[in-house]
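Note that this is a predicted model, so its numbers are computed, not measured.
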Amino acid sequence: MKLSKLLIGLTLAVGFVASASAQTVMKISISTSQNSHQGVGIDTFAKEVEKRTGGRYKVQTFYNGSLGGERESVEAVQLGTQELTLTSTGPIPNFVPDAKILDIPFLFRDKAHARAVLDGPIGQEMLVKFEPKGFKALAWAENGFRHMTNSKRPVNTPEDLKGLKMRTMENPVHVAAYKGFGIITTPMAFPEVFTALQQGTVDGQENPLSVIMSAKFDQVQKYLSLTGHVYSPCIFLMNKASFDKLSAADKKAFLEAAKVAAQANRARVDADDASGVADLRAKGMNVVENVDKAKFVAALGPVNAEFEKQFGKANIDKIRNFK
Ligand code: EAX
């Protein structure tokens with residue numbers, strides 16, 4: 001081979017290696033659509049990571065549970081077959097049981113309270129508990145306060161829920177509490193919910209306005225009640241080994257990208273909460289805005305006593321009373 005040819009070959013080979021290693025591609029997934037509070041969250045995250053790493057990292061975004069439901073995505077992140085996911089805490093108890101305390105109904109007064117707890121010492125200590133399980137938890141985001149929908153009747157009090165068959169997340173705290181309301185609980189992964197509602201496999205489900213709107217549940221549910229029975233956190237999870245491989249500066253970039261993304265996600269939840277009732281009414285839903293909240297709280301008396309035993313009353317009070 002002529003020397004010039006060899007040199008061209010070498011140059012091409014070096015160029016190929018350099019460009020191949022110039023960008024690392026990672027995947028992030030959500031179970032809701034791109035046009036949603038979670039979509040805004042991961043789109044912002046991808047943009048911020050790219051910007052803050054000068055394009056050395058690219059985050060590919062997957063919507064609508066196209067890589068699997070939330071439990072499958074969290075498993076994939078733990079195994080490292082997928083680097084990142086933004087998930088609700090629905091499946092989290094299987095991985096980090098301590099996080100269950102955040103799923104207790106009527107724990108948070110409002111979104112400001114929940115956000116302050118999650119961004120404060122309690123929430124930040126909880127993020128660290130994901131590390132021994134193979135995750136780097138980058139930041140808390142949210143779904144918002146969950147409300148009930150069904151196809152049978154307006155719900156004003158817990159008595160109206162008795163005997164309704166409702167899809168719940170695969171979350172033991174939710175399931176225990178909703179049984180306390182008298183609901184027949186049917187845990188199910190999110191990607192199956194629309195069809196289950198459409199076919200009448202279940203009568204109802206519960207989710208924040210952001211999810212109800214982006215999943216178009218108004219097409220298959222007549223009644224919405226603003227029960228606000230539980231706050232639904234979301235969390236940006238990354239495979240721990242993938243995070244550990246990053247340089248110190250890139251680690252900071254990922255963490256900051258997740259913080260900015262969480263802010264964008266929460267702002268969208270606020271916007272959806274502001275517009276949701278009018279939007280869903282316009283689409284034909286019957287909305288009960290003022291449910292008898294005290295009765296819903298009272299219905300959970302016995303379940304709450306159980307939770308106090310399980311999690312420690314002092315730990316629950318620490319969250320309830322956080323200012
Ligand atoms: O995270 O499963 C659920 O109801 C969740 O709220 C939904 O997947 C969005």
Side-chain angles (χ1 to χ4, degrees), residues 7-68 70 72-88 115 118-119 124 127-128 130-131 133-143 210 214 233-271:
L7 280 178
I8 290 171
L10 270 178
T11 313
L12 283 176
V14 168
F16 177 74
V17 170
S19 68
S21 62
Q23 193 175 57
T24 305
V25 180
M26 297 187 173
K27 292 188 172 74
I28 190 165
S29 67
I30 51 170
S31 63
T32 58
S33 65
Q34 180 171 18
N35 183 15
S36 74
H37 59 303
Q38 292 185 343
V40 168
I42 65 169
D43 286 352
T44 305
F45 179 75
K47 202 180 77 201
E48 290 292 324
V49 165
E50 212 165 320
K51 188 177 93 188
R52 286 162 194 270
T53 63
R56 284 175 294 106
Y57 287 89
K58 178 170 173 57
V59 180
Q60 279 179 338
T61 46
F62 295 85
Y63 314 97
N64 294 311
S66 59
L67 296 185
E70 289 189 328
E72 289 161 308
S73 297
V74 175
E75 267 163 16
V77 170
Q78 191 178 41
L79 289 170
T81 51
Q82 174 183 329
E83 291 83 5
L84 292 139
T85 194
L86 172 62
T87 178
S88 78
R115 293 167 183 177
L118 295 173
D119 294 345
Q124 298 308 299
L127 294 183
V128 178
F130 286 73
E131 297 194 10
K133 311 294 170 147
F135 303 102
K136 175 68 188 176
L138 299 175
W140 291 107
E142 75 184 11
N143 274 334
S210 291
S214 59
C234 285
I235 189 164
F236 277 97
L237 290 180
M238 183 164 178
N239 173 263
K240 175 98 170 35
S242 304
F243 182 81
D244 288 345
K245 269 189 231 141
L246 300 176
S247 71
D250 289 340
K251 281 182 181 144
K252 200 165 154 240
F254 273 67
L255 286 165
E256 280 173 2
K259 276 202 196 105
V260 175
Q263 275 166 15
N265 154 265
R266 287 168 175 175
R268 174 63 184 263
V269 171
D270 286 340

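Under a 3.5 Å cut-off, the side chain of Asn265 and the backbone N or O of Ala141 do not form any donor-acceptor pair. At distances below 3.5 Å, at least one donor-acceptor pair connects side-chain atoms of Gln78 with backbone N or O atoms of Lys133. The closest donor-acceptor contact from the side chain of Thr44 to the backbone of Val40 lies under 3.5 Å. The backbone N or O of Leu118 sits less than 3.5 Å from a side-chain atom of Gln124, completing a donor-acceptor pair. Judged by distance alone, with hydrogens and angles left aside, the side-chain atoms of Asn239 form a donor-acceptor pair with the main-chain N or O of Val77 at under 3.5 Å. Proximity of a side-chain donor or acceptor of Ser66 to a complementary backbone N or O of Phe62 within less than 3.5 Å is not detected.
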Applying side chain to side chain contact (heavy atoms under 4.5 Å, CB included) to Ile28 and Phe236, what does each step give before you reach the verdict?
CA-CA 9 Å; Ile28 190 165; Phe236 277 97; 4.1 Å; yes
With side chain to side chain contact (heavy atoms under 4.5 Å, CB included) as the test, would you mind laying out the steps for Leu67 and Lys27 before giving the verdict?
CA-CA 10 Å; Leu67 296 185; Lys27 292 188 172 74; 4.2 Å; yes
Could you walk me through whether Asp43 and Thr61 pass side chain to side chain contact (heavy atoms under 4.5 Å, CB included), step by step?
CA-CA 7 Å; Asp43 286 352; Thr61 46; 3.9 Å; yes
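By the 4.5 Å heavy-atom criterion applied to side chains, Leu237 and Leu84 are not counted as neighbours. Annotation: side chain of Thr32 is not in contact with side chain of Asn143 (no heavy-atom distance under 4.5 Å). Contact annotation: the side chain of Tyr63 approaches that of Ile42 to within less than 4.5 Å [non-hydrogen atoms, C-beta and beyond].
The distance from the CD1 atom of Ile235 to the CG atom of Leu127 is 5.0 Å, given to the nearest 0.5 Å.
Of all non-hydrogen atoms in Trp140 and Ala262, the two that sit nearest each other are O-CB, 3.3 Å. Between Ile30 and Ser36, the shortest heavy-atom contact is CD1-OG, 4.4 Å. Looking at every heavy atom in both residues, Gln82 comes nearest to Ser73 through NE2-CB, 4.1 Å. Between Lys136 and Glu131, the closest heavy-atom pair is NZ-OE2, 3.1 Å. Closest non-hydrogen pair, Ser31 versus Gln38, comes out as N-OE1, 3.7 Å. The heavy-atom pair separating Val269 from Ser210 by the smallest distance is CA-OG, 3.7 Å.
In summary, the side chains of Ser29 and Thr85 do present a donor paired with an acceptor at a separation below 3.5 Å, with no hydrogens or angles considered. Side-chain polar atoms of Asn64 and Gln34 form no donor-acceptor pair below 3.5 angstrom. Side chain to side chain, Ser242 and Glu83 fail the donor-acceptor criterion of an N or O pair below 3.5 Å.
For Arg56 and Asp250, the salt-bridge test passes: some basic side-chain N is under 4.0 Å from an acidic carboxylate O. Taking a cutoff of 4.0 Å between a charged side-chain nitrogen and a carboxylate oxygen, Arg266 and Asp270 do not qualify as a salt bridge.
Counting heavy atoms of neighbouring residues, nucleotides and ligands inside a 6.0 Å radius, atom NZ of Lys251 exceeds 12 of them. Heavy-atom contacts from other residues, nucleotides or ligands closer than 6.0 Å to CG of Asp119 number more than 12.
The ring pair (Phe, Tyr, Trp, His ring centres under 6.0 Å) pairs that include a residue from residues 238-261 are Tyr57-Phe254, where partners are two or more places apart or lie in different chains.
For the side chain to side chain donor-acceptor pair (under 3.5 Å) test, residues two or more places apart in sequence or in another chain that qualify with Glu256 are Arg52.
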